[in-house]
There are 2 protein chains.
Amino acid sequence: MNRPKEFDREGAVAVLMDEIWEHGFEACSVNSMSDKLGITRSSFYNAFGSKEKLFAEILEIYSQSGPGNEMFEITQSRSVLSSITEKLYEICKGQEEDKACRGCLAASSIQELVKKNEELEPVLKEFFYQNIQYFEKIIGIAIQRGELEDCDVRIKALSLQNMMIGLSEMSKIFRNKGELWSICKHSLKALALYGEFE
Amino acid sequence: MNRPKEFDREGAVAVLMDEIWEHGFEACSVNSMSDKLGITRSSFYNAFGSKEKLFAEILEIYSQSGPGNEMFEITQSRSVLSSITEKLYEICKGQEEDKACRGCLAASSIQELVKKNEELEPVLKEFFYQNIQYFEKIIGIAIQRGELEDCDVRIKALSLQNMMIGLSEMSKIFRNKGELWSICKHSLKALALYGEFE
DNA sequence: TTAATATTATACAGCGCTGTACAAAATGAT
DNA sequence: ATCATTTTGTACAGCGCTGTATAATATTAA
């Protein structure tokens, strides 16, 4: 009934996520992204609506696949703190090995979007609000299970988020092998959120 | 012997620091900055050489006046941890009150410069390296004075830096009154770097 | 007054980007 | 085969930005 798309939309979104992750939201023009995909700007606007709508879509995917909800794999049998610690270990290793120094997509976008993009600022904030809600939830579970002393759950969650955003940026500057994980490990222990794993 | 400048260079640098701090390095074009000062681009290039040289100059001033060396006022009579804590309290309060959500100039510039600006990347890194050196120094003093248990000074310094960079970005997202300081206080206590003040 | 010097003004030629508007092409249902 | 629909191609008109080059201007020492 209609002319079919000549490109794979899902694959395109993945490509553009990498582009924006690496070069940043502002540096990625509609022009350059269209070129990257080998399509025209017409097709871009037709498929994604706008750069903003595309980014919102990408952030949604990022929050499902990367960090975000169900970031830590919490199970009945496994220690919450170990789950947190292992995931952060993986993140540290990943960032140390990332030659492009991309850090966390959401954290890196704060500077470019807050107070600079009316449409995307609330989208990005919502991402972090949900993240914190999730952190609060699992920290609550850790307390219930007796893995963690009773404490202000929100402040603990925010402190963890704070540390993780810090890591994202630190990973771009301090590139000594193993150092990022040392910082993370020390900070987790300090926050009483460290658990041995494996 | 020569035609005098028709503008105050020192004042101009201060104005441009505010511009870049608020809008970011990339968003500030030579055009817009020249307009802001009411001078032509010729005069801009003549006075500052390039955007990059200007930024390096600004960062130098920032490191002397804002954070950076001698950030914490360490004296013989005063507790090192109290000095750290008080300074961070001031930073938190300042960021909470900052309507423009500017955060830390250096931290905010990481995303825009690392892997994106060959000339400024090393300048920005040097800023953080010096910062860490300074942190190591004062943490060493704290240990000497018995204010802090013996520990890996570098990791402690990096963890502090990590937390501070986190705060810079968190301050743009989480704007509840007093929350930033709560995070900071909790994290400082966790790192054993908290000291009462006043 | 003149010459030397530095600042400021004007202009150039080119680049990439924006969003839209309209035409062309490709498909499937009727 | 035609029609409706959607995607894709081409073009428009305008904007801001870049760095340099050359000319005009203002100052002061000689």
Side-chain angles (χ1 to χ4, degrees), chain A residues 1-58 109 111-113 115-121 123, chain B residues 1-58 109 111-113 115-121 123:
Chain A
M1 197 156 164
N2 55 345
R3 176 173 175 177
K5 269 199 175 62
E6 289 176 11
F7 68 99
D8 167 33
R9 193 180 187 285
E10 207 176 330
V13 172
V15 167
L16 298 183
M17 181 194 283
D18 283 344
E19 279 296 289
I20 292 180
W21 202 343
E22 179 168 349
H23 301 111
F25 180 76
E26 281 305 329
C28 288
S29 64
V30 172
N31 250 332
S32 68
M33 288 190 287
S34 303
D35 285 354
K36 181 81 187 179
L37 296 178
I39 64 175
T40 60
R41 263 180 307 142
S42 307
S43 297
F44 179 94
Y45 281 112
N46 178 61
F48 307 113
S50 67
K51 236 177 94 168
E52 275 73 18
K53 284 184 183 152
L54 169 67
F55 184 86
E57 206 172 312
I58 285 172
S109 301
Q111 158 73 2
E112 292 193 286
L113 300 182
K115 292 284 163 191
K116 291 177 182 66
N117 190 306
E118 280 194 22
E119 187 175 341
L120 289 178
E121 175 174 340
V123 175
Chain B
M1 192 144 148
N2 56 343
R3 177 174 174 176
K5 270 200 174 59
E6 288 176 11
F7 68 99
D8 166 32
R9 193 181 187 286
E10 207 176 331
V13 171
V15 168
L16 297 184
M17 180 193 284
D18 283 343
E19 280 296 289
I20 292 180
W21 201 343
E22 179 167 351
H23 301 111
F25 180 76
E26 282 305 329
C28 287
S29 64
V30 172
N31 249 332
S32 69
M33 289 191 287
S34 302
D35 285 355
K36 182 80 188 179
L37 296 178
I39 64 175
T40 60
R41 263 178 309 138
S42 307
S43 297
F44 179 94
Y45 283 111
N46 177 60
F48 307 113
S50 67
K51 235 178 96 167
E52 275 74 17
K53 284 184 184 153
L54 169 68
F55 184 86
E57 205 172 312
I58 285 172
S109 301
Q111 158 72 1
E112 291 193 288
L113 300 181
K115 292 283 162 192
K116 291 177 181 65
N117 190 305
E118 281 192 22
E119 187 175 341
L120 289 178
E121 175 174 338
V123 175

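Residue numbering restarts at 1 for every chain, and letters A, B, ... go by the order of the sequence lines.
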What is the separation between atom CZ on A:R41 and atom C1' on D:dT10, rounded to the nearest whole Å? 10 Å

Quick one, B:L37 with B:M33, criterion side chain to side chain contact (heavy atoms under 4.5 Å, CB included). Give me CA distance, side-chain angles, the key distance, then yes/no. CA-CA 6 Å; B:L37 296 178; B:M33 289 191 287; 5.8 Å; no

Under a 4.0 Å heavy-atom cut-off, which of residues 16-39 of chain B touch DNA chain C? none

If you measure from OG on A:S50 to OH on A:Y45, what distance do you get to the nearest 0.5 Å? 8.0 Å

Could you tell me the separation between the NZ atom of B:K51 and the C1' atom of D:dT18, rounded to a whole number of Å? 11 Å

Taking N or O atoms only and anything under 3.5 Å, show me the protein contacts with nucleotides 22-25 of chain C, one pair per line.
from	atom 1	to	atom 2	distance (Å)
C:dA25	N3	A:R3	NH1	3.3

Separation between NZ (A:K116) and CD (A:E121), nearest 0.5 Å, reads 9.5 Å

Do the side-chain N or O atoms of B:S43 get closer than 4.0 angstrom to the phosphate oxygens (OP1, OP2) of C:dT7? no

May I ask you to decide if A:V30's main-chain N or O and A:S34's side chain share a donor-acceptor pair within less than 3.5 Å? yes

Out of D:dT20, C:dT8, C:dT20, minimum distance to the side chain of A:Y45 belongs to C:dT20

Roughly, in whole Å, what's the span from CZ in B:F44 to P in D:dC17? 12 Å

Intermediate values then yes/no, side chain to side chain contact (heavy atoms under 4.5 Å, CB included), A:F44 and A:L16: CA-CA 11 Å; A:F44 179 94; A:L16 298 183; 4.0 Å; yes

Atom CG of B:N46 and atom C1' of C:dT5: how far apart are they, to the nearest Å? 12 Å

In chain order, what residues pass the side chain to side chain contact (heavy atoms under 4.5 Å, CB included) check against B:D18, with sequence neighbours excluded? B:W21, B:R102

Rounding to a whole Å, what distance do you find between B:F48:CZ and C:dT7:P? 12 Å

Within residues 27-56 of chain A or reaching into it, pairs that qualify as salt bridge (Lys or Arg N to Asp or Glu O under 4.0 Å) - sequence neighbours excluded: A:E19-A:K36

Only counting residues at least two apart or in another chain, list the ones meeting side chain to side chain contact (heavy atoms under 4.5 Å, CB included) with B:T40. B:S42, B:S43

Sub-3.5 Å donor-acceptor pair from the side chain of A:E112 to the main-chain atoms of A:E26, do we have one? yes

Which helical stems does DNA chain C take part in, if a stem means at least 3 consecutive Watson-Crick or G-U pairs with both distances below 3.5 Å? C:1-30 with D:1-30

Ring-plane angle category for B:F25 and B:F55, please: parallel below 30°, perpendicular beyond 60°, tilted otherwise. perpendicular

Nearest 0.5 Å, please: how far is OG in B:S109 from CD in A:Q111? 6.5 Å

